[in-house]
Amino acid sequence: MKRTALSVLLSTAFLAAPIAMATAAPPAATQQLGTPSRLVLDNSTRILTTLETRRAEFSKNRGALKQFVSSEFNQMFDRDYAARLVLGAHGRGAPDADVKLFADALSENLMQRYGSSLLDFNTRLTVKVKSETSVANGKATRVSTQMLRQGGEPIPVDYLMHQVNGQWKVFDVLVEGVSFVQTFRSQFDGPLSRAPIAQVAAELKAGKLQAQAQR
């Protein structure tokens with residue numbers, strides 16, 4: 001059960017990073033946080049509240065759920081940069097257009113396979129921000145958190161963020177130390193070794209390849 005839950009967390013984190021978070025910290029604690037941590041908390045609160053209040057609507061209208069998740073994902077996640085990290089060596093020197101094709105196909109594949117699982121996701125959670133650390137020689141920030149559940153052990157969820165045109169964006173999420181970038185880089189290394197990026201993207205889009213958020 002725990003492995004299944006972590007798989008859902010990792011996949012939904014890719015779709016909309018703050019969904020794996022929960023209600024905001026008390027005002028006094030929030031005021032002490034840096035901008036990346038505040039963004040994670042504020043977006044998490046809005047997303048989880050919306051999922052709870054519109055649960056009945058989303059259950060009947062999966063198109064509305066997909067539109068909501070896509071909108072939040074595009075707002076918070078730097079998917080093209082994340083896709084280039086997933087591509088790794090296969091993406092070095094690759095045209096931006098090919099990277100975008102892969103990013104679009106990967107996110108669409110994940111959305112189709114795991115988007116509906118958000119309706120089963122427990123939105124009554126609390127979160128503790130443990131730290132906010134500058135990494136990559138100041139080019140990125142790591143927001144380390146714990147997701148607190150009633151009757152369960154805390155789950156560590158870390159967010160790697162950087163600035164894009166003056167806005168903070170998430171580009172990787174780690175659930176219990178498992179990075180989505182590393183997970184999918186390993187998974188797609190084989191297909192990308194045999195075919196160009198555009199072809200792998202096409203196979204992803206057609207459902208011939210599936211993104212597996214497994215540990």
Side-chain angles (χ1 to χ4, degrees), residues 6-7 9-20 34-36 39-40 43 66 69-115 132-144 157-215:
L6 289 176
S7 295
L9 278 172
L10 190 57
S11 59
T12 53
F14 176 75
L15 297 175
I19 288 177
T35 298
L39 282 173
V40 168
N43 280 280
K66 179 179 178 180
V69 172
S70 179
S71 175
E72 293 294 340
F73 166 62
N74 289 331
Q75 175 180 326
M76 191 67 180
F77 213 94
D78 187 353
R79 65 180 184 178
D80 288 354
Y81 180 68
R84 194 173 282 279
L85 292 178
V86 170
L87 290 169
H90 303 288
R92 291 174 187 167
D96 290 342
D98 283 354
V99 175
K100 186 178 186 305
L101 281 175
F102 182 79
D104 291 347
L106 180 58
S107 60
E108 179 68 19
N109 189 278
L110 284 167
M111 218 173 291
Q112 289 178 353
R113 300 195 65 218
Y114 297 103
E132 180 179 305
T133 309
S134 177
V135 295
N137 295 320
K139 296 179 180 179
T141 294
R142 182 173 185 143
V143 178
S144 297
V157 182
D158 290 3
Y159 298 86
L160 293 179
M161 307 175 70
H162 66 173
Q163 286 197 2
V164 182
N165 298 324
Q167 295 183 331
W168 285 97
K169 299 278 188 177
V170 175
F171 63 87
D172 195 9
V173 182
L174 296 84
V175 179
E176 286 199 333
V178 179
S179 158
F180 105 78
V181 164
Q182 294 296 334
T183 296
F184 293 125
R185 180 185 292 174
S186 297
Q187 180 181 341
F188 289 105
D189 181 61
L192 289 166
S193 296
R194 298 188 294 268
I197 294 173
Q199 182 177 332
V200 173
E203 292 177 358
L204 260 175
K205 187 174 182 179
K208 296 178 180 180
L209 287 176
Q210 296 289 349
Q212 301 285 348
Q214 299 290 334
R215 297 188 66 181

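- With sequence neighbours excluded, no residue satisfies side-chain hydrogen bond (donor to acceptor under 3.5 Å, both in side chains) with Lys169.
- The two residues Ala105 and Lys205 have their closest heavy-atom pair at CB-N, 4.1 Å.
- Checked against salt bridge (Lys or Arg N to Asp or Glu O under 4.0 Å), Lys100 has the following partners two or more places apart in sequence or in another chain: Asp104.
- His162 is linked by a ring-ring contact (aromatic ring centres under 6.0 Å, His included) to Tyr81, Phe171, counting only residues two or more places apart in sequence or in another chain.
- Note that CH2 of Trp168 is 3.5 Å distant from OG1 of Thr141, once rounded to the nearest 0.5 Å.
- Pro36 and Val143 get closest at one heavy-atom pair: CB-CG2, 3.8 Å.
- The side-chain hydrogen bond (donor to acceptor under 3.5 Å, both in side chains) search around Gln167 returns none, not counting sequence neighbours.
- With hydrogens and angles ignored, the 3.5 Å screen pairs no side-chain donor or acceptor of Glu108 with any backbone N or O of Leu204.
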- Task: Apply side chain to side chain contact (heavy atoms under 4.5 Å, CB included) to Asp189 and His90, showing your working.
- Result: CA-CA 8 Å; Asp189 181 61; His90 303 288; 2.8 Å; yes
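- Scored by the side chain to side chain contact (heavy atoms under 4.5 Å, CB included) test, Ile197 finds Leu87, Ala94, Asp98, Phe102, Leu192 as partners (sequence neighbours excluded).
- A distance of 9.5 Å separates CZ in Phe184 from OG in Ser179, rounded to the nearest 0.5 Å.
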- Item | Val40 and Met76: CA distance, side-chain angles, deciding distance, side chain to side chain contact (heavy atoms under 4.5 Å, CB included) verdict | CA-CA 9 Å; Val40 168; Met76 191 67 180; 4.2 Å; yes
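- Proximity of Val86 to Phe180: side-chain heavy atoms (C-beta onward) are separated by under 4.5 Å at one or more points.
- With sequence neighbours excluded, the residues that form a side-chain hydrogen bond (donor to acceptor under 3.5 Å, both in side chains) with Gln199 are Glu203.
- For the pair Val173 and Val170, the tightest heavy-atom approach, listed with the atom from each and the gap, is CG2-CG1, 3.8 Å.
- Applying the salt bridge (charged side-chain N to carboxylate O under 4.0 Å, His left out) test to residues at least two apart or on different chains, the pairs with a partner in residues 80-94 are Arg84-Asp96.
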- Go through the steps for Gln182 and Leu174 under the test side chain to side chain contact (heavy atoms under 4.5 Å, CB included), then give the verdict. CA-CA 10 Å; Gln182 294 296 334; Leu174 296 84; over 6 Å; no
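- Identified under the salt bridge (charged side-chain N to carboxylate O under 4.0 Å, His left out) test for residues 157-166, with sequence neighbours left out: Arg142-Asp158.
- The shortest distance between side-chain heavy atoms of Asp78 and Met161 does not fall below 4.5 Å.
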